[in-house]
**Q** 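Sharing a structure, written as structure tokens. Questions coming.
Given the structure is predicted, the values throughout are model-derived calculations rather than measurements.
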Amino acid sequence: MYTPPHNRQDDPQAVAAFMRAFPFATLVTSGEGGMVATHIPLNVSDSCDSLVLTGHVAKANRQWEQFASGAEAMAIFSEPHSYVSPSNYDSGNWVPTWNYVAVHAYGVPALVENREGKLAVLAATIAGIEPGYQATLDALPPEFVDAKLKGIVAFEIAVTRVDARWKLSQDRNVAERERITAAMRLSEDPSARLLAEYMNHPAPAEAR
């Protein structure tokens, strides 16, 4: 991902927090059949000071077959975002742009094939989305659960590198940034209103 120095987010805690806040990611892999992308929720956990992503895809989704190649995969976490009108800038000749926060996490997927491991991946997903459903899952007949487990492929990715871009008008002056933030707060677009909160906490590396 193209990330100028003044947009780069190097705080690992901020990056991990963003990934957890917006877990519905795009998982991209590449193999003999070309590139494939699947939109799925991913769990983000810390293991020995490193990020680990877990999730599952339907077994009918043949993307999982590319996991065995040992090739690097990319998980894209991208939200929120908003249009930025040049009307927010000081007088002059300016063009529009788009602000956003995005994280690209890379690593090699590994299959989680045993029953306990699959259930652990599902438990992590449930805990992050609907914790109360875990009791319902636990009460289901084992044979029903096993039949469902046969229809999914669970995996984990130890994250080896991350590109994180907080594109929040760090190259504009304070007054312009305040106007941009105010416009986002007043927007009818919920994504813009959410991005306004990030505008108050830009990436540490400010433009020079």
**Q** Holding to salt bridge (charged side-chain N to carboxylate O under 4.0 Å, His left out), I want the full list of residues that pass it with Glu197, two or more places apart in sequence or in another chain.
**A** none
**Q** Determine, using the 4.5 Å side-chain heavy-atom cutoff (strictly less than), whether Leu111 and Val28 are members of one ILVMFWY cluster.
**A** no
**Q** Is a side-chain N or O of Glu156 found less than 3.5 angstrom from the main chain of Ala110, in a donor-acceptor match?
**A** no
**Q** Using ring centroids (six-membered ring only for Trp), state whether Phe22 and Phe77 fall under 6.0 Å.
**A** no
**Q** Check Lys118 with Asp146, please: is the shortest side-chain N to carboxylate O separation under 4.0 Å?
**A** no
**Q** Indicate if Val84 and Val95 have the same hydrophobic cluster label, given that clusters are the connected sets of ILVMFWY residues with side-chain heavy-atom separations under 4.5 angstrom.
**A** no
**Q** Does Thr3 reach the main-chain N or O of Arg165 with its side chain, forming a donor-acceptor pair under 3.5 Å?
**A** no
**Q** Please determine whether a side-chain nitrogen of the Lys or Arg among Glu188 and Arg193 lies less than 4.0 Å from a carboxylate oxygen of the Asp or Glu.
**A** no
**Q** Check the surroundings of atom CD in Gln13: do more than 12 heavy atoms from other residues, nucleotides or ligands lie under 6.0 Å from it?
**A** no
**Q** What do you reckon, are the aromatic ring centroids of Tyr100 and Trp166 less than 6.0 Å apart?
**A** no
**Q** List the residues meeting side-chain contact (heavy atoms from CB on, under 4.5 Å) with Leu186, not counting sequence neighbours, and say none if there are none.
**A** none
**Q** Within the side chain of Trp94, is there an N or O that forms a donor-acceptor pair under 3.5 Å with the backbone of Asp90?
**A** yes
**Q** Going by an N to O cut-off under 4.0 Å, is there a salt bridge joining Asp171 and Arg177?
**A** no
**Q** Given 3.5 Å as the limit, does a donor-acceptor pair link the side chain of Gln9 with the main chain of Asp11, or not?
**A** yes
**Q** Would you kindly check if the NZ (Lys) or CZ (Arg) of Arg172 is within the cone defined by 45 degrees around the ring axis of Tyr89 and under 6.0 Å from the six-membered ring centre?
**A** yes
**Q** Going through the checks in order, is the side-chain hydrogen bond (donor to acceptor under 3.5 Å, both in side chains) test met by Asn99 and Ser169?
**A** CA-CA 7 Å; Asn99 279 2; Ser169 299; 2.9 Å; yes
